[in-house]
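Each remark here refers to the structure printed beneath this line.
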Amino acid sequence: MGETPRLVATDIDGTLLRDDRTVSPRTAEVLARISARGTPVVLVTGRPIRWMKLVYEQLAEPLPAICANGAVVYDPVGDEVLRADPLAPELLAEVARRLRAEVPGVSFAVEVTDSRQMRHEAHYPMRWDADHDAIRAVESPEELLEAPAVKLLARAGEQDPDAFVELVAAALEGLAEATHSSYSGLVEISAAGVTKAAGLAWYCGRLGIDAADVLAFGDMPNDVPMLTWAGRAVAVANAHRAVLEIAHEVAPANDEDGVAAHLEKVFGVG
């Protein structure tokens, strides 16, 4: 990569956001300055579309987003989904069948309608936005699996997140992608080949930008494909060990505005 990247891609939670889930004024200002210079900035996240508004409210302008770990490419200006790559109902059914056989007490939720809505089993533990209009429990396990889903979420009580994702990935090998972005024992499942790297690569292809010219930031295992793909990979200091191991550079922690600090150096802004 040359001195100045042609595109900046950053994870949101644990990377761009502080631990209190806010975007600092410093970070918002740096992103606005880079965008104004003509360098695209893309948010690449496990978040669904319906959670993006909380981020956009803190930015100078809404930025394009790769949501649901690469399954949805979203243009916030037109509120338009440019691309979606969901798990088909028959694939969802097979994934659920394998995991119910392998994981005692597993429960599921799905992100549907391009992640604008969520459906969950009654016993699935809802930790956020459970009372949101877009969220509801299904009447039966079959109902959960009847529509295409951009992400399947699996929980089984308190689990070591790294061990749990290994168990799930082994059960689904060749069938679907399994990753995690939290320490709460939540596994996030996408269609085979759907990762943050794949979604970002598709978006960059539209702009004629090569991987070598992309600067990417992340903190968790679901960021590893993107960071491996990008020409320059930066981990924030608070990152999971799997991210620190593959990053080219380490920026300050998210609570210290690590992304902003690194971008100020690279782009000479701030």
Side-chain angles (χ1 to χ4, degrees), residues 11-15 17 19 21 44-48 51 67-72 85-87 91-112 115 118-130 135 137-138 141 144-145 149-199 218-228 235-236 238-247 254:
D11 172 56
I12 297 176
D13 295 281
T15 302
L17 268 59
D19 286 344
R21 299 192 182 179
V44 189
T45 180
R47 283 184 178 225
W51 283 7
C67 294
N69 288 332
V72 177
D85 199 349
L87 296 129
L91 179 57
L92 279 172
E94 176 61 16
V95 168
R97 185 193 68 77
R98 289 195 190 184
L99 292 185
R100 286 191 171 111
E102 287 285 329
V103 183
V106 70
S107 60
F108 298 119
V110 288
E111 296 283 359
V112 294
S115 76
M118 183 192 215
R119 302 290 178 259
H120 62 92
E121 293 180 318
H123 57 289
Y124 180 87
M126 294 298 297
R127 299 178 180 226
W128 303 281
D129 72 359
I135 315 298
V138 296
L144 191 78
L145 309 173
V150 292
K151 195 199 293 189
L152 174 70
L153 305 167
R155 289 189 182 275
E158 293 302 314
Q159 297 275 349
D160 174 273
D162 296 318
F164 189 36
V165 79
E166 283 185 19
L167 172 66
V168 171
L172 302 181
E173 188 172 1
L175 189 65
E177 306 288 341
T179 190
H180 77 91
S181 60
S182 75
Y183 293 99
S184 66
L186 170 67
V187 172
E188 304 163 53
I189 299 161
S190 306
V194 174
T195 64
K196 287 189 173 188
D219 76 308
M220 288 297 284
N222 66 327
D223 295 315
V224 167
M226 172 178 72
L227 295 173
T228 304
V236 282
N238 54 288
H240 187 283
R241 65 179 183 278
V243 174
L244 293 170
E245 285 171 1
I246 58 98
N254 64 318

Val138 backbone acceptor or donor facing Arg119 side chain under 3.5 Å: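 Not at all, since once roles are kept as given, no pair shorter than 3.5 Å links the two residues.
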Under 3.5 Å: donor-acceptor pair, side chain of Arg155, backbone of Ser184: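 Between the backbone of Ser184 and the side chain of Arg155 there is a qualifying donor-acceptor contact (under 3.5 Å).
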Nearest heavy-atom neighbours spanning [X] and [Y]:
X: Ser190; Y: Val150; result: OG-O, 4.3 Å
X: Gly14; Y: Val236; result: O-CG2, 3.5 Å
X: Val187; Y: Ala178; result: CG1-CB, 4.0 Å
X: Pro161; Y: Tyr183; result: CG-CA, 3.9 Å
X: Glu177; Y: Ala191; result: CG-O, 3.3 Å
X: Glu121; Y: Pro141; result: OE2-CB, 4.0 Å

Parallel, tilted or perpendicular: rings of His240 and His180 (30°, 60°):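 If you compare the ring of His180 with that of His240, the planes turn out perpendicular.
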Parallel, tilted or perpendicular: ring planes of His120 versus Tyr124, cut at 30 and 60 degrees: tilted
Criterion side chain to side chain donor-acceptor pair (under 3.5 Å) against Asn222, the qualifying member of Thr179, Thr195, Asn69: Asn69
Flag the pair [X] / [Y] as yes when at least one side-chain heavy-atom distance between them is below 4.5 Å, and no otherwise.
X: Cys67; Y: Glu111; value: no
X: Val103; Y: Phe164; value: yes
X: Ile189; Y: Leu99; value: yes
X: Leu175; Y: Leu91; value: yes
X: Pro48; Y: Met118; value: no

Taking atom [atom1] of [X] and atom [atom2] of [Y], what is their separation to the nearest 0.5 Å?
X: Arg97; Y: Leu145; atom1: CZ; atom2: CG; value: 12.5 Å
X: Thr45; Y: Asp13; atom1: OG1; atom2: CG; value: 5.5 Å
X: Thr228; Y: Asp223; atom1: OG1; atom2: CG; value: 10.0 Å
X: Glu94; Y: Leu87; atom1: CD; atom2: CG; value: 12.0 Å
X: Met220; Y: Asn238; atom1: CE; atom2: CG; value: 10.0 Å

Passing option when Asp219 is tested against Asp11, Leu244, Val243 for side-chain contact (heavy atoms from CB on, under 4.5 Å):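 Among Asp11, Leu244, Val243, the one that satisfies the side-chain contact (heavy atoms from CB on, under 4.5 Å) with Asp219 is Asp11.
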Under-4.0 Å salt bridge between Arg241 and Glu245: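 A salt bridge is absent here (no side-chain N lies under 4.0 Å from a carboxylate O).
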Steps toward side-chain contact (heavy atoms from CB on, under 4.5 Å) verdict (Glu188, Ser182): CA-CA 10 Å; Glu188 304 163 53; Ser182 75; 5.6 Å; no
